[in-house]
Every structure is written in structure tokens, then in C-alpha cells.
Amino acid sequence: MPQPPYTHLGGLRDVESFRRYQTQSRIEIPCDDKLISGEASPLAQPIHAGNKRIGNRIVAQPMEGWDGTAEGRPTELTFRRWERFGASGAKLIWGGEAVAVRHDGRANPSQLVINRHSREDLSRLRETLIASHKRATGSDADLLIGLQLTHSGRYSRPNAPDRPEPKILYHHPILDNRLNIPADYPVLSDQELREIINDFYQAAMVAAQAGFDFVDIKHCHGYLGHELLSAHTRDGDFGGSFENRTRFFREIAHAIHTASPTLAIGVRLSAFDTIPFRKDASAEQRGVPESTHGLIPFRWGFGLNVENPLEPDTDEPIKFLSLLRELSVQLVNISAGSPYYNPHIQRPASYPPSDGYSAPEDPLAGVARQMRITRELKQHCPDLLVVGSAYSYLQEFLPYVAQAAIREGWTDCVGLGRMLLAYPSLLLDVVEGRPLQRKSVCRTFSDCTTAPRNGLPSGCYPLDAHYKQSADGEQLKRLKAAKTK
Ligand SMILES: Cc1cc2nc3c(=O)[nH]c(=O)nc-3n(C[C@H](O)[C@H](O)[C@H](O)COP(=O)(O)O)c2cc1C
Ligand code: SF4
């Protein structure tokens with residue numbers, strides 16, 4: 001695929017060049033000149049969630065691997081991933097990975113699902129993570145571990161990776177076409193949503209029994225919780241007004257707080273959005289927004305300007321965060337959009353996934369947008385513990401930016417996604433004063449996204465030898481073919 005018209009960060013020699021590039025590109029991101037190790041490091045500062053002390057500002061973001069069994073149980077690869085999350089030194093483990101609260105809400109047939117085996121399986125995953133964390137840092141006293149609970153809604157594919165079985169909340173004028181959803185396809189009824197609320201509650205109880213400190217009621221990336229927030233055109237108890245669109249979350253939170261007051265709740269939120277993007281017809285296959293002709297005001301999104309849906313609008317996200325505060329929810333993880341319909345805003349990358357499009361903007365602008373909006377939300381809700389996302393594109397400049405972002409209050413904690421698959425101990429190495437291993441730095445090749453879209457488990461094929469070795473020749477050929485399409 002032709003190269004995009006911006007500078008790859010890997011080609012910048014040092015922090016000074018990175019700063020110069022930012023100035024030229026008019027992209028504002030905080031950035032330190034030097035890395036700081038030991039107790040003085042902003043990354044090493046403890047923070048509190050309620051009474052619990054969290055030992056540093058490093059967060060392991062949830063990342064599933066498409067490597068569970070058909071029954072939704074973890075495999076060796078799943079245990080290996082959790083072990084590496086623990087070894088990262090992150091003192092806040094945000095969810096491990098998305099675990100479906102019921103079979104028909106799985107995003108793929110290899111996603112973990114809560115069922116009769118789960119209590120024991122989840123305890124073992126958690127214990128594996130704690131053991132590697134203790135080996136890496138010496139203590140788990142200040143470690144907070146959550147489990148991410150999900151229902152995949154519109155993106156449910158529970159039985160075959162190439163067979164969508166969407167559960168929709170309303171008809172979407174653009175996304176329905178993409179998924180071949182006919183006009184008479186049924187929307188989930190209020191009664192079905194009440195059953196799903198109960199599934200979330202039951203799943204949370206299993207997580208509490210398995211020893212987790214908190215559950216994340218996932219509200220991001222186009223899945224059910226996120227789609228509810230944009231259900232403006234839906235009738236009934238869960239659509240229309242802000243109160244109705246947040247009823248799902250309020251009822252889950254109420255049920256959990258009543259039954260298990262010590263189990264904390266977190267929310268991973270797509271706090272802003274833009275309209276779905278597609279490839280254009282050029283050789284570059286550049287991303288372009290779908291037409292919104294006849295669709296303004298745009299009533300099918302959350303956190304976007306209805307008159308110009310390419311622009312974020314934080315009014316409702318701020319209202320939602322205020323609601324979380326009222327409900328005694330302190331943990332918030334800010335993400336954006338969806339990896340299905342606008343991956344460039346959710347997961348900025350140099351190289352697009354096989355079903356994506358070439359970046360329509362400098363990916364650094366995507367990082368800056370998530371950081372700017374996270375800062376704005378933090379300023380409005382200073383007493384929430386806010387985790388920022390989408391830092392991996394920064395590559396070797398990530399620690400310089402992370403330190404400055406924490407010191408200057410752009411976020412409380414820095415979450416690492418893809419970088420953890422490639423180089424789990426990046427930030428721990430900084431805090432402990434070890435040199436960076438440049439060869440291990442994630443270069444946002446997107447294989448970890450492309451692999452599962454082509455029937456392989458997700459992992460860092462370019463940089464983590466374990467994946468290259470464990471995949472067979474046919475699988476690797478398929479991955480290569482998908483990348484060069
Ligand atoms: C392979 C893969 C799996 C992911 N799985 C999840 C998931 O289960 N839940 C979730 O909230 N986000 C998931 N994400 C999104 C990441 O948590 C993160 O938000 C995203 O990769 C951007 O952060 P980064 O720039 O550090 O990678 C996944 C991302 C990748 C690449
Ligand atoms: S495959 Fe590896 S290098 Fe590529 S984006 Fe994923 S983690 Fe980064």
C-alpha cells in the first residue's frame with residue numbers, strides 16, 4: 001500500500017526532532033525532554049481509588065486475543081497474555097480483556113464468556129497475573145485489577161467469525177447497510193434489555209467471587225453499552241432522552257452496588273465519535289467520511305456535533321461523567337469511536353488493519369485529539385480517576401509524553417494497549433532506569449487487529465516471536481496476503 005503523506009515517528013531521531021515535528025504540524029502534545037526514573041518519576045506516583053492505593057500511573061488496557069475455546073474458556077495463549085499484563089508493572093489492570101456476559105453477545109466465537117466454568121477460570125487468570133506482577137515489581141499490595149464485561153450488540157458474531165448476528169438497538173442509516181441489516185430486522189426489546197441488565201449483574205457477581213476489585217461496564221467501541229448512549233431514535237424506556245439512554249447503566253450499577261457494595265465499578269467510554277469512514281476509490285484507499293446528505297441533524301452518535309458530525313461535542317459525555325460521579329463510580333477510561341467504523345480515531349496507526357483504510361490524517365493528530373478531550377473531561381470532573389488511551393502510536397516518544405501528560409494533569413493515568421503486546425515492560429523500564437529496547441517498540445503495524453479479522457488469534461506477530469512460531473505456515477500466508485491486499 002502507498003505510504004501516507006506524513007512523517008513516520010520511527011524516522012525522527014530524538015525528542016527534539018519530535019518537538020520540531022509537532023510545531024511544524026501544529027499538533028499540541030505535552031512532552032518532556034528527559035526520562036525520569038525512580039521515585040521522582042510522574043509515572044511512579046501512587047493514586048487512590050476510594051480507599052485503595054494504586055502504586056503507579058501505568059494502566060494495562062483491556063485487550064482480547066480471540067484465543068478462548070468455543071465454550072468461552074481461556075487457553076494457554078490467554079494465560080500468557082495475562083501473565084505479560086502482570087509483568088508490565090502496571091498497577092491498574094483495566095479489565096484484562098472483554099468478557100461477554102452471554103454467548104449471543106460475544107464479538108467472536110473465541111471471546112471469553114461468563115458461564116459455569118468462569119469463577120475458577122477467572123480466578124486462575126487473575127492469580128497468574130498477580131504472580132508475574134510480584135516477580136516484576138516485588139509486591140501486589142498496591143495493584144488494582146478489574147474485569148471488563150461486555151455485550152457486543154451490533155457487532156455480535158458468537159458462532160462463526162464470518163457470520164454477523166447483530167443485536168441492534170435502533171436502525172442506523174449508515175451502519176445497517178454495512179452489515180446488510182434489512183429495514184425490518186428486529187431491534188432488541190425493552191424486555192430483552194432487562195434480561196441483559198441481569199446478565200451484567202450476574203457476571204459482576206462472578207467477577208467479585210473470583211477476586212476482582214472492580215468490573216468495567218463497557219460503554220465503548222460501538223458495542224451495546226455505547227450504542228445505547230446514542231439511541232436517540234429508539235422508543236420506549238431505553239431510548240430518546242438522556243435519562244432513558246443511561247437507564248441501562250444506572251440499573252446495572254444499582255444492582256451491583258446493592259448486592260456487592262465492595263465491588264467497585266468502572267466505565268470504559270467512547271467519549272467522542274465521528275461518522276463512519278470508508279476507503280475511497282484511489283490507489284491509496286484513503287479513509288473518507290460516509291456521506292451524511294439528508295442526515296443532518298445527525299441523530300445516531302454520542303459525543304459528536306449533530307450539525308457537523310465530523311466534530312466532537314463533549315456536552316453529553318460531561319453529563320454522563322457527572323452521572324457516574326453521582327452513582328459513586330470513580331474509575332473512568334476514555335476511549336473514542338469504534339475499531340469497526342472509524343479505526344483512525346480509536347487506534348491511530350501508521351499501517352491500517354486489512355479491513356481499514358489509509359489514515360485520513362496524521363495519526364499523531366488522532367493521538368492529540370484523544371489526549372485533548374481526555375484533558376477537557378478531567379478538568380470538568382477532577383474527582384474522577386481518569387485513564388487516557390491511544391498512546392501506542394507515539395512509539396519511543398511515548399514515555400516522554402506520558403510523564404508530561406501526568407505531571408501537567410492531562411490525565412491521571414496512561415493506558416497502554418498495543419504497546420503491551422509488543423513491549424510489556426516499556427514504562428516499567430523507564431521507572432526503573434533501564435534503557436529502552438528500541439527493537440521491541442510497537443510500530444503500529446496493525447497485525448494484532450488484522451490477524452483476528454482473518455481467523456487467527458490476535459498477537460504481535462512482527463515482534464513477539466511466540467506468535468510467529470505458534471502459527472502454522474498457512475495461517476502466516478493468510479496474514480501476509482491480508483496485509484498486502
Ligand atoms: C488486539 C486488540 C484487542 C483489543 N481488545 C480490546 C478489548 O477487549 N476491550 C477494549 O476496551 N479495548 C480493546 N482494544 C483497544 C485497546 O484497549 C486500546 O484502546 C487501543 O488499542 C488504543 O490504545 P493503544 O494506542 O495503546 O493501542 C483492543 C485493541 C487491540 C489492538
Ligand atoms: S502487531 Fe505488534 S507492532 Fe503491530 S500494532 Fe500490534 S502490537 Fe504493535
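By convention here, the first residue in the shown sequence is residue 1. One-based numbering, in listed order, for ligands and for the atoms of each.
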- request: Look only at interatomic distance and state if Arg268 has a nitrogen or oxygen under 3.5 Å from any nitrogen or oxygen of ligand 1.
  value: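 Right, the criterion is met.
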field: His133-Phe85 aromatic ring centre distance below 6.0 Å
entry: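 Ring centroids of His133 and Phe85 are no less than 6.0 Å from each other.
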message: Are His344 and Phe277, when compared by the centres of their aromatic rings, separated by less than 6.0 Å?
response: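 Centroid distance His344-Phe277: below 6.0 Å, so yes.
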Subset of ligand 1 atoms that lie under 4.0 Å from at least one heavy atom of [X]:
X: Tyr391; value: 25 (O), 26 (O)
X: Gln61; value: 17 (O)
X: Gln346; value: 15 (C), 19 (O), 20 (C), 22 (C)
X: Ser392; value: 24 (P), 25 (O), 26 (O), 27 (O)
X: Cys448; value: 1 (C), 31 (C)

Looking only at protein heavy atoms, identify the closest one to [atom] and say how far it is in Å.
atom: atom 5 (S) of ligand 2; answer: Ser446 N, 3.3 Å
atom: atom 1 (C) of ligand 1; answer: Ser458 OG, 3.2 Å
atom: atom 8 (O) of ligand 1; answer: Ala98 N, 3.2 Å
atom: atom 2 (C) of ligand 1; answer: Met63 CG, 3.8 Å

For [X], which part has a heavy atom under 4.0 Å from ligand 2: side chain, backbone, both, or neither?
X: Met419; value: neither
X: Thr444; value: backbone
X: Pro462; value: side chain

- prompt: Got a sec: is Cys448 within less than 2.8 Å of atom 6 (Fe) of ligand 2 via an N/O/S atom?
  reply: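 Within the cut-off used here (under 2.8 Å), Cys448 does place an N, O or S atom near atom 6 (Fe) of ligand 2.
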message: Distance under 4.0 Å to a non-hydrogen atom of Arg443: what atoms of ligand 2 satisfy this?
response: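 In order of number, 3 (S).
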- prompt: Is the cationic atom of Arg453 (NZ for Lys, CZ for Arg) positioned less than 6.0 Å from the six-membered ring centroid of Tyr340 and within 45 degrees of its normal?
  reply: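 Positive - Arg453 is close enough to the ring of Tyr340 and near enough to its axis.
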message: Heavy-atom pairs closer than 4.0 Å: do any link ligand 1 to the side chain of Gln148, the backbone, both, or neither?
response: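 Within the 4.0 Å criterion, Gln148 contacts ligand 1 through side-chain atoms alone.
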